[in-house]
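See below for the structure under consideration.
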2 protein chains.
Amino acid sequence: MVRGRGNAVTINDVARLAGVSPGTASKALNGRGQLRSETRRRVVAAAEQLGFHTNLLARSLQEGRTYTVGVLTTDSFGRFTIPIMLGAEDALAAGQMSVLLCDGRGDRIREQHYLRTLLGRRVDGLIVTGRTTDPRPSLGRDLPVPVVYALARSDDPDDLSMLHDDQQGAGLAIRHLLATGRRRIAHVTGPERHLAARDRAAGTVAALAAAGEPLILDQPLWGEWSERWGRQAATILMRSGAEFDGIFCGSDQIARGVADALREAGRRVPEEVGLVGVDNWEVMVEGCRPPLTTVDLNLTELGHAAASKLLRAIEGHPLEKGVQLLPCRLVTRHSTEMSPL
Amino acid sequence: MVRGRGNAVTINDVARLAGVSPGTASKALNGRGQLRSETRRRVVAAAEQLGFHTNLLARSLQEGRTYTVGVLTTDSFGRFTIPIMLGAEDALAAGQMSVLLCDGRGDRIREQHYLRTLLGRRVDGLIVTGRTTDPRPSLGRDLPVPVVYALARSDDPDDLSMLHDDQQGAGLAIRHLLATGRRRIAHVTGPERHLAARDRAAGTVAALAAAGEPLILDQPLWGEWSERWGRQAATILMRSGAEFDGIFCGSDQIARGVADALREAGRRVPEEVGLVGVDNWEVMVEGCRPPLTTVDLNLTELGHAAASKLLRAIEGHPLEKGVQLLPCRLVTRHSTEMSPL
DNA sequence: GTGAAAGCGCTAACAG
DNA sequence: CTGTTAGCGCTTTCAC
């Protein structure tokens, strides 16, 4: 039976066909109340016959709850958003929640507009996501629904922001390089203005200090998140005359650039230099020669965790406040096989 | 004023404060009907004072239309989904439509489940998106809302499927190689089981035939969509003893692998060999040495076009049927500078 | 066990 | 010009 919009089967149609009242039909279909099982069967049969599907809109209006969460991206979506969304979707789908997606595109006005729309649609909660760890303006207090910031840091300490732990991740990388026998480690990373770069550098410095080993060149090589910069930086390192046997890079792209430049200069990875990146970006780590050991930010888990917290908040448990850091994970590949030295 | 869920300001509150009836308040707030401007002002003021925001749920229920479209991904989302979504979002936002996102993850059951949910939520239309051009099962006829397949091909010819034109794209690449002076062109591509690979090969063969030039090795080199395969394929080509001065690769990843292998074998790009990829995937084309000329699939435009068609269908204009192919676009970079020969 | 009635928040139709 | 009424589709008392 073909039905256009506007003439969908309603629960009244089902009730009529089954010879019961709408209220009874509702109970039958939702397994509530006390009904003769024969009645229940009759209603279900009628619903099936008519191809009835509950109008969730009407139910939401009545229930005061939509089983929908809004996901608001700060900076448009990109490769960081994907794992976050996958994780969030996973957690939300388990709770039968749907996702209303809005792309703020880094535009505050647009974001406010979407916020209005989402609240107008009576979402049960909000996830705000971005792609940097740098603080961003809060959506505001006094919102009628709970909000979790995932891979985004609200500037209001009363909000809950969930982020990966860059310092801890850097520590993993450095300790792994040390464990594979490297003693003269350099750090090549992105722009100093990015908090993520500063955190990774801080983690690097701390882990080296704890081991009593030096940071080669005494400071990180700040640059861009690009392969090109990785190649440049490797050249700078080699020309500096400093000896080094390990490089921790602030991103897989940088690391891949470094790997290329080292290979072309005849320095062997991992035999002479151990190399670690950050991101576990498949196309980079697998494209790299040799395949790259890297720090995985666990973004899928982050998205999952953020959505889970939000679900709990929607169920009534108040949200924690402040910044929560989730640990990163080291993924070892060929670029850090044990040094023969 | 802080308001929790469930005690939101309604239009009745506004009406009461403004000393009018809900009906009048509705007209005032929506600029409909004939009202004294003073009344209108009073209502608006009251709404503002109370922080009133229309409950879109209630309005949708009444209007029979939700200003929401469902986006159902076939294969989980990834890098191809992003541009499609960006384009779609752009077109939809202009029509004040929101997006309910569901991730089918390549699971038919899950997809059916989401379809139910989306229809239950009374979306006004659906966009089905994937990441291959290979046919996929139709969502079915008899759906109460219009459906557009974007970067996904329904196996039902009565559905509207919108795809980029791989054959045309290949033609662009080949003619460009010819125009830059190449005459002995090879084709390295992905697995033959992928329609995209077969189409690109067909376009290649056709364009070469039209120009009366040979395909080196007489057939495409089928393989994988990976850099590794690109490197292997380049080696195979060089070892074959065949002369070649141009290579059209089925993806940017393959092309980048080819570029690396050629460079390491001392063959210069673009001086000795012109190289073209497909995808215009930034990280690949910019990471490639030299930067890669490539065929852009125009996925953002595809997403935009699909959403626009859907909007028109929602407005009542019936949807076209069948497969619509959108043209690709060539983006030239250093890898195909004019051959000196 | 089942039905009738009320109401979620909004808008459209019709009176006045 | 403004108020009243009815109804979108569903669920939930509360009678019977």
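Chain naming here is simple, since letters A, B, ... match the order of the sequence lines and numbering starts at 1 in each.
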To the nearest angstrom, how far is A/L56 atom CG from D/dT11 atom C1'?
13 Å
B/R59 has a side chain; which of C/dA13, C/dG3, C/dC10 sits nearest to it?
C/dC10
With no hydrogens and no angle check, do the side chains of A/D155 and A/S138 hold a donor and an acceptor under 3.5 Å apart?
no
Base, sugar-phosphate alone, or nothing: which one does A/T39 contact when heavy atoms must sit under 4.0 Å apart?
sugar-phosphate
Could you check whether B/S60 gets within reach of a base, just the sugar-phosphate, or nothing at all, counting any heavy atom under 4.0 Å?
nothing
Can you tell me whether the side chain of A/Q62 and the base of D/dG9 have a donor-acceptor pair closer than 3.5 Å?
no
Of the listed nucleotides (D/dT12, C/dC10, C/dA13), which one gets closest to any side-chain atom of B/K27?
C/dA13
Quick note, A/R32 side chain, CB onward, closest among D/dC10, D/dT12, C/dT2 is D/dT12
Let's see if you can work this out: which of C/dT11, D/dG3, D/dG9 has an atom nearest to the side-chain heavy atoms of A/L61?
D/dG9
With nearest nucleotides of DNA chain D determined for B/E38 and A/G23 from heavy-atom distances, which residue corresponds to the more 5′ nucleotide?
B/E38
Nucleotide C/dG9, atom C1' - distance to CZ of A/R121 in whole Å
16 Å
Would you tell me whether B/T74 and B/R136 have side-chain atoms, one donor and one acceptor, within less than 3.5 Å of each other?
yes
What's the CG-P distance between B/L57 and D/dG9, to the nearest Å?
14 Å
Just the rounded figure in Å: distance from P of C/dA12 to CZ of B/R65.
13 Å
Figure out the CD1/C1' separation between B/I11 and C/dA12, and round it to whole Å.
12 Å
Charged N-O contact under 4.0 Å between B/R141 and B/D158:
yes
In whole angstrom, what separates A/L29's CG from D/dC10's P?
9 Å
Rounded to the nearest Å, what distance is computed from the CZ atom of residue B/F52 to the P atom of nucleotide C/dG9?
11 Å
Give a yes/no on whether any side-chain N or O of A/N30 is located under 4.0 angstrom from OP1 or OP2 of D/dT11.
yes
Length of the CG-C1' vector between B/N12 and D/dG3, whole Å
13 Å
Regarding A/T68 and A/R121, do their side chains bring together a donor and an acceptor under 3.5 Å, going by distance alone?
no
Taking any heavy-atom pair under 4.0 Å as a contact, classify A/T10: base, sugar-phosphate, or nothing.
sugar-phosphate
Test item: B/R108 and B/P137 side chains (from C-beta on) under 4.5 Å apart, heavy atoms:
yes
Look at the side chain of B/L35 and decide which nucleotide, out of C/dG1, C/dG9, D/dT2, has an atom nearest to it.
D/dT2
Test the A/R153-A/Y149 pair against the cation-pi criterion, namely NZ or CZ under 6.0 angstrom from the six-membered ring centroid and within 45° of the ring axis.
no
Nearest to side-chain heavy atoms of A/S21, which nucleotide of C/dG3, D/dT12, C/dT11:
C/dG3
With a 4.0 Å cutoff (strictly under), does any side-chain N or O of B/S26 reach OP1 or OP2 of C/dT11?
yes
